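First the proteins, then the strands, lettered A, B, ... as listed; each starts at 1. Since the model is a prediction, treat every value here as computed from it, not as a measurement.
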Protein chains: 2
Amino acid sequence: MGTRHRGEIEEINALNAFIKLQRASESVSSRVHAVLPAGLTITQFGVLEALLHIGPLCQGELAEKLLRSGGNLTLVVDNLEKAGYVARERDPADRRFVVVKLTDKGSKFIGEIFPRVVANVTREMNVLSSTELFDLCRLCKKIGVRH
Amino acid sequence: MGTRHRGEIEEINALNAFIKLQRASESVSSRVHAVLPAGLTITQFGVLEALLHIGPLCQGELAEKLLRSGGNLTLVVDNLEKAGYVARERDPADRRFVVVKLTDKGSKFIGEIFPRVVANVTREMNVLSSTELFDLCRLCKKIGVRH
DNA sequence: AAATAATACATTGACATTAAACCATATCAC
DNA sequence: GTGATATGGTTTAATGTCAATGTATTATTT
């Protein structure tokens, strides 16, 4: 091992950390997903949650917040609309925009689910101490930013 | 804010860290993905990379390593097979197993791509110092484990 | 040896996901 | 105002993804 170049070690450490990051994210996410009612996907949950806490949003904003493509959001909102959880409305001021808002049914639904997801996330993440959580936030923030 | 219960603060910190973890993972992954040749997906890359570094594997092993379902791997291997990068072979000792191996074309292909992905991952992750990388590994390992 | 259970993969159906092409609306330049 | 350009959303084609179910093969039980 003494013959390894500096660059090789850097590469190995970077790859290693990258893989661990991906695995941690995927495995926590899948365990959190497990608590969602059958038929409600993570992205659908993300849309409902954003509408609950921010209020009505247009699809472009939803796509940006959820890191998804516009075309994807069209379909996800379609499915939420079919299920009766959200309603679409053309913005009369600028008819290109479609404003998505929670229906009463959707509001009640996400209002019941959200606390359970929070409890689950809390259980998953509190394997770390609050100092460790803070460190994780800092590191994630640093690598998450485009550079 | 002084009226917040201890539990509420824990929940907020946990949620906050969870979201940052997901975002960091997704955004790094999408930037790494960007370096893959058009048409090669992340999971396809994962299969080729595993075959390159471990050697021939059966589909069940691939599914486990890549944290994907068996049915999914069937399709991913289908597409890699169509593209001529891998070949399937029934294990003669136990005909339930399908051994997947790289073709010459696939071997050459992944051999060219892998170093470029490594370079990209290195560039992304080396925003962190080696100490920070080490910390990130430790934290991810801790939350990734099922508990 | 026949019935049963377990294992590995394939298939199906529903939804997610993206990129690219497309349509409708709005804005800008002239 | 008219044409060019930009913007927001939709559609399409290809792939991914899982859960559930089906099929083939092997192992176990009796």
Which protein N or O atoms sit under 3.5 Å from an N or O of nucleotides 4-8 of chain C?
{"unit_1": "C:dT7", "atom_1": "O4'", "unit_2": "B:Arg96", "atom_2": "NH1", "d": "3.4"}
{"unit_1": "C:dA8", "atom_1": "O3'", "unit_2": "B:Arg96", "atom_2": "O", "d": "3.4"}

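- Listed pair A:Arg88 / D:dT10 meets the phosphate criterion, a side-chain N or O lying under 4.0 Å from OP1 or OP2.
- With 3.5 Å as the limit, one finds a donor-acceptor pair spanning the side chains of A:Gln22 and B:Ser25.
- Partners of B:Phe114 according to the ring-ring contact (aromatic ring centres under 6.0 Å, His included) rule, which considers only residues two or more places apart in sequence or in another chain, are B:His53.
- The separation between B:Leu40 atom CG and C:dT18 atom P is 17 Å, rounded to whole Å.
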Expected rows: protein N/O vs nucleotides 13-16 of chain C N/O, under 3.5 Å:
{"unit_1": "C:dA16", "atom_1": "OP1", "unit_2": "A:Thr41", "atom_2": "OG1", "d": "3.0"}
{"unit_1": "C:dA16", "atom_1": "OP1", "unit_2": "A:Gln44", "atom_2": "NE2", "d": "3.2"}
{"unit_1": "C:dA16", "atom_1": "OP2", "unit_2": "A:Asn79", "atom_2": "ND2", "d": "2.6"}

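- Judged purely by atom type and a 3.5 angstrom limit, B:Arg68 uses its side chain to pair as donor or acceptor with the backbone of B:Leu66.
- Nearest nucleotide to the B:Thr74 side chain, out of C:dT25, C:dT11, D:dG9: C:dT11.
- Counting to the nearest Å, the C1' atom of D:dG8 and the CD atom of A:Glu89 are 17 Å from each other.
- Using a 4.0 Å heavy-atom distance criterion, B:Leu80 is classed as making no nucleic acid contact.
- With respect to B:Arg123 and A:Glu10, no salt bridge is recorded, no charged nitrogen being found less than 4.0 Å from a carboxylate O.
- The backbone N or O of A:Gly60 sits nowhere less than 3.5 Å from a side-chain atom of A:Lys65 that would complete a donor-acceptor pair.
- In this structure, the CG atom of A:Asp91 is 12 Å from the C1' atom of C:dA26, given to the nearest Å.
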